[in-house]
Amino acid sequence: MPELYIIGKGFDKGHGLKTSYRNFREYLEKYEEVLLVHMERKAVAKMEG
């Protein structure tokens, strides 16, 4: 059976991986713009009540 290792506490940042929300958003802007627009519309609607 394969093993899965879950590592946290800054492991990603310590190894230079681009895992911040900003990096995720930039990825969405480049590759999944429709999804990004949908997510942002839902977030704004939720904030507006």
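Nothing here was measured: the structure is a model prediction, and the numbers come from that model.
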>> Let me check something: do Val44 and Val37 share a hydrophobic cluster, defined by ILVMFWY side-chain heavy atoms less than 4.5 Å apart, either directly or through other members?
In response: no
> Do you know the tightest heavy-atom contact between Thr19 and Asn23?
Replying inline: N-OD1, 3.4 Å
> Can you list the other members of the hydrophobic cluster that holds Ile6, where links are side-chain heavy atoms under 4.5 angstrom apart?
Replying inline: Leu4
> Given a cutoff of under 4.5 Å between side-chain heavy atoms of I, L, V, M, F, W and Y, with clusters grown through shared members, what are the other residues clustered with Leu17?
Replying inline: none
>> Going by the rule ring-ring contact (aromatic ring centres under 6.0 Å, His included), which residues pair with Tyr31 if we only count those two or more places apart in sequence or in a different chain?
In response: Tyr27
> Pairs in or reaching into residues 31-49: which pass salt bridge (Lys or Arg N to Asp or Glu O under 4.0 Å), with residues at least two apart or in two chains?
Replying inline: Arg25-Glu40
>> I'd like to check the ring-ring contact (aromatic ring centres under 6.0 Å, His included) partners of Phe24; sequence neighbours left out, ordered by chain and number.
In response: none
> How would you list all residue pairs meeting salt bridge (Lys or Arg N to Asp or Glu O under 4.0 Å) that involve residues 8-21, not counting sequence neighbours?
Replying inline: none
